[in-house]
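Quick caveat: nothing in here was measured; it's all calculated off a predicted structure.
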Amino acid sequence: MSKSFLIFLFLIQYHLVDAQTKTTNEINIGQTTLKYFDEKRDRPLIIELWYPTIDSLKVSDKKYSPFLKEFTVRDAKFHLKKHPLILISHGNGGNRLSLEWLSHILVKNGYVVAAVDHWGNTFDNAIAIEFVKPWERPIDVSFSLNMLLEDPEINAIIENDKIGAIGFSYGGYTALALAGAELDYELLLQFYNTTEGKLEINSIPEFPNLWKELQNPKLIEMMQNIPNVQDKRIKAVFAISPGTARGFNDGRQFKNVKIPVFITGSAADNITPVISYARKYHNLIPHSEYYEFEGMVGHYVMLAEASDHIKKQNPIPFKDHPSVDRHEVHIKASELAVSFFNKKLDLFE
């Protein structure tokens, strides 16, 4: 990609976003990065926080990105009023910025949003055993929530009784676990020891050939003492193409899920096929709401819209079937999420 073309893209994005900011009058999106360390688990955690601010965009905030997104005001002052909080969990091999587009829309609709990097399970820090320790992810989210609420400045802008969670793929399972879903680890291992299961786990694009990691004695020992990962501070969850459904086959595993749940699936998903994942979860959680994207909409459609250069370099996560408009899918998904949380968290009560 030539330097002149990059400058051209920057100028287009500069004018589009600046114009949009002026029309929305006043509230911009603040963004800051927080770093914590969970000493009990010897685990670093990085959180990206997006929030409403009345600070104006600076020239330094208007940087080119190969992904379509709004400009944000880096380290802006907080908008001093209480807002509902949405916690976000990314998918396998993603990171805290994976659903940044959705975070921006939520902030524009009055929310504070916090997304955590699941250590060892990100694209730039992929550790095999961390891909097969599902209990760590909800604990990451709960620890992150603890840190946010213990910070006086951040706590001052959060409505503590209006907290929701969103998760994509492995993060979709994470959101359901936080709601009270009880994963059967033995059932999960039994499936991955079948021919179909080995093929499925070894075909995960973000870290192929994971099956052998399930035989790790250290992992098997850990699975004998899994903590309770439900977090009752979370009042509603939105699970997008949720993974890890192979560890569920009984509605009783969701007996503790009392809060509102919304699940979305994509008809052409070949990573978490709807019949075995999204629809299965929906059928096992009687009170859950469900929406399925039809046609050739695939698994990775929920990731950011990318430049042609990125699509060429990384076609699996960023290039869709010609019949699919990723932007339109994002609009629909954000409408579903905002409507769900507005209603279930009583945003406008």
Side-chain angles (χ1 to χ4, degrees), residues 35-47 87-98 115-144 146-147 165 167-178 181-231 239 241-248 253 271-272 276-277 299-300 303 316-317:
K35 296 183 179 181
Y36 299 108
F37 192 83
D38 185 345
E39 294 184 358
K40 287 185 178 179
R41 294 183 297 151
D42 193 28
R43 190 174 175 92
L45 290 168
I46 303 175
I47 299 169
L87 302 157
I88 292 184
S89 174
H90 63 76
N92 259 331
N95 72 358
R96 65 191 187 280
L97 305 179
S98 294
V116 61
D117 270 1
H118 294 292
W119 185 82
N121 191 219
T122 61
F123 79 94
D124 59 346
N125 180 36
I127 301 170
I129 195 170
E130 296 301 328
F131 277 66
V132 290
K133 292 164 61 181
W135 62 87
E136 297 285 12
R137 299 174 124 260
I139 298 175
D140 285 345
V141 176
S142 290
F143 179 84
S144 299
N146 291 343
M147 296 298 97
F168 166 63
S169 195
Y170 205 5
Y173 153 74
T174 305
L176 293 170
L178 288 162
E182 298 176 356
L183 179 64
D184 185 332
Y185 295 93
E186 290 188 9
L187 179 66
L188 189 64
L189 291 178
Q190 287 172 14
F191 170 73
Y192 285 136
N193 279 316
T194 66
T195 301
E196 180 187 1
K198 287 181 183 178
L199 179 63
E200 182 174 302
I201 195 168
N202 283 334
S203 300
I204 295 174
E206 295 82 7
F207 208 125
N209 305 314
L210 273 173
W211 180 82
K212 62 181 180 181
E213 198 60 44
L214 295 176
Q215 317 311 311
N216 187 327
K218 183 178 178 181
L219 177 71
I220 294 172
E221 181 181 351
M222 289 178 186
M223 287 185 171
Q224 306 309 309
N225 189 28
I226 302 300
N228 177 12
V229 297
Q230 182 179 16
D231 193 326
S241 299
T244 323
R246 302 297 192 174
F248 296 91
Q253 291 175 265
I271 302 297
T272 56
S276 304
Y277 285 84
H299 185 72
Y300 295 105
L303 300 183
I316 291 177

Undergrad: To the nearest 0.5 Å, tell me how far Asp117 CG sits from Leu97 CG.
TA: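 Reported to 0.5 Å precision, the distance equals 7.0 Å.
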Undergrad: Does Gln190 have any side-chain hydrogen bond (donor to acceptor under 3.5 Å, both in side chains) partners at least two apart in sequence or in another chain, and if so, which?
TA: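 Gln190 satisfies side-chain hydrogen bond (donor to acceptor under 3.5 Å, both in side chains) with no other residue.
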Undergrad: Any chance you could measure Arg96, atom CZ, to Ser144, atom OG, to the nearest 0.5 Å?
TA: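 Answer for the CZ-OG pair, Arg96 versus Ser144, is 11.0 Å.
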Undergrad: After noting the C-alpha distance and the side-chain angles of Met222 and Trp135, does the key distance pass the side-chain contact (heavy atoms from CB on, under 4.5 Å) rule?
TA: CA-CA 10 Å; Met222 289 178 186; Trp135 62 87; 3.7 Å; yes
Undergrad: Which pair of non-hydrogen atoms, one from Pro227 and one from Ile139, has the smallest distance, and what is that distance?
TA: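 For Pro227 and Ile139, the tightest heavy-atom pair comes out as CG-CD1, 3.7 Å.
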Undergrad: If you look at every heavy atom in Tyr277 and Gly243, which pair is closest and at what distance?
TA: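 Here Tyr277 and Gly243 meet closest at CD2-CA, 3.7 Å.
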Undergrad: Quickly, which of Ser241, Ser169, Pro205 forms a side chain to side chain contact (heavy atoms under 4.5 Å, CB included) with Tyr300? Name it, please.
TA: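 Going through Ser241, Ser169, Pro205 one by one, the side chain to side chain contact (heavy atoms under 4.5 Å, CB included) with Tyr300 is satisfied by Pro205 alone.
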Undergrad: Where is the tightest heavy-atom contact between Leu214 and Leu219, given as atom of each residue plus distance?
TA: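 Reported closest heavy-atom pair: CA-CD2, 3.9 Å.
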Undergrad: Relative to the ring of Tyr36, is the ring of Phe143 parallel (under 30°), tilted (30 to 60°) or perpendicular (over 60°)?
TA: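 Perpendicular: the ring planes of Phe143 and Tyr36 meet at over 60°.
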Undergrad: Looking only at the side chains, is there a donor atom on one of Asp231 and Ser142 sitting less than 3.5 Å from an acceptor on the other?
TA: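 Distance-only check passes for Asp231 and Ser142.
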Undergrad: Under a 4.5 Å cut-off applied to non-hydrogen side-chain atoms, are Met223 and Leu189 in contact?
TA: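 Answer yes - side chains close enough.
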Undergrad: At what distance, to the nearest 0.5 angstrom, does CD of Glu213 lie from NZ of Lys218?
TA: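 Rounded to the nearest 0.5 Å, the CD-NZ separation comes to 9.5 Å.
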Undergrad: For Gly172 and Ala239, which heavy atoms make the closest approach, and how far apart are they?
TA: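 For Gly172 versus Ala239, the nearest heavy atoms are O-CB, 3.8 Å.
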Undergrad: For atom CD of Glu39, is the number of surrounding heavy atoms from other residues, nucleotides or ligands below 6.0 Å larger than 12?
TA: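 Incorrect, the count does not exceed 12.
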Undergrad: Using modelled atom types only, decide if a donor and an acceptor are shared between the side chain of Asn202 and the backbone of Leu210 within a distance under 3.5 Å.
TA: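 Pair found, side chain donor or acceptor close to backbone of Leu210.
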Undergrad: Stepwise, does the side-chain contact (heavy atoms from CB on, under 4.5 Å) test hold for Asp42 with Phe37?
TA: CA-CA 7 Å; Asp42 193 28; Phe37 192 83; 3.1 Å; yes
Undergrad: To the closest 0.5 Å, what do you measure between CZ (Phe168) and NE2 (His299)?
TA: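 Going from the CZ atom of Phe168 to the NE2 atom of His299 covers 3.5 Å.
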Undergrad: So which heavy atom on Gln215 is nearest to which on Ile220, and how close?
TA: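 Taking Gln215 first and Ile220 second, the nearest heavy atoms are O-CD1, 4.1 Å.
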Undergrad: Going by heavy atoms in the side chains, are Ser276 and Arg246 under 4.5 Å from each other?
TA: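 Side-chain contact under 4.5 Å: yes.
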Undergrad: Locate the shortest heavy-atom distance separating Leu178 from Ala165; write the atom from each residue and the value.
TA: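 Minimum heavy-atom contact is CD1-CB, 4.5 Å.
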Undergrad: Using a 4.5 Å cut-off on heavy atoms from C-beta on, say whether the side chain of Leu176 contacts that of Thr244.
TA: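 Of all side-chain heavy-atom pairs linking Leu176 with Thr244, none is under 4.5 Å.
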Undergrad: May I ask you to decide if Ala126's main-chain N or O and Glu206's side chain share a donor-acceptor pair within less than 3.5 Å?
TA: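 A pair under 3.5 Å: no.
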Undergrad: With a cut-off of 6.0 Å (strictly less than), are more than 12 heavy atoms of other residues, nucleotides or ligands near CD1 of Ile316?
TA: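 Not buried by this count: 12 neighbours or fewer within 6.0 Å.
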Undergrad: Between Glu130 and Lys133, is the closest basic N to carboxylate O distance under 4.0 Å?
TA: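 Salt bridge present between Lys133 and Glu130.
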Undergrad: Is there any ring pair (Phe, Tyr, Trp, His ring centres under 6.0 Å) pair reaching into residues 189-223, and which pairs are they, with sequence neighbours excluded?
TA: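 For residues 189-223, and leaving out neighbouring residues, the ring pair (Phe, Tyr, Trp, His ring centres under 6.0 Å) pairs sorted by first residue read Phe131-Phe207.
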Undergrad: Is Arg43 salt-bridged to Asp38, going by a charged N under 4.0 Å from an acidic O?
TA: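 No salt bridge links Arg43 with Asp38.
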Undergrad: About how many Å separate CZ of Phe248 and CG of Leu183, when rounded to the nearest 0.5 Å?
TA: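 Separation between the atoms: 4.5 Å.
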Undergrad: Can you check whether Ser98 reaches Leu303 side chain to side chain, under 4.5 Å on heavy atoms?
TA: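 Yes, at least one pair of side-chain atoms sits under 4.5 Å.
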Undergrad: Do Asn92 and His118 come within less than 4.5 Å of each other through their side chains, counting heavy atoms only?
TA: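 Side chain of Asn92 against side chain of His118, heavy atoms only: no contact under 4.5 Å found.
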Undergrad: Which distance, rounded to the nearest 0.5 Å, do you find between the NE2 of His90 and the CG of Asn95?
TA: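 His90 atom NE2 to Asn95 atom CG measures 6.5 Å (nearest 0.5 Å).
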Undergrad: Please check if the side chain of Gln253 supplies one atom and the backbone of Ala181 the other of a donor-acceptor pair under 3.5 Å.
TA: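 Not a single qualifying donor-acceptor pair exists.
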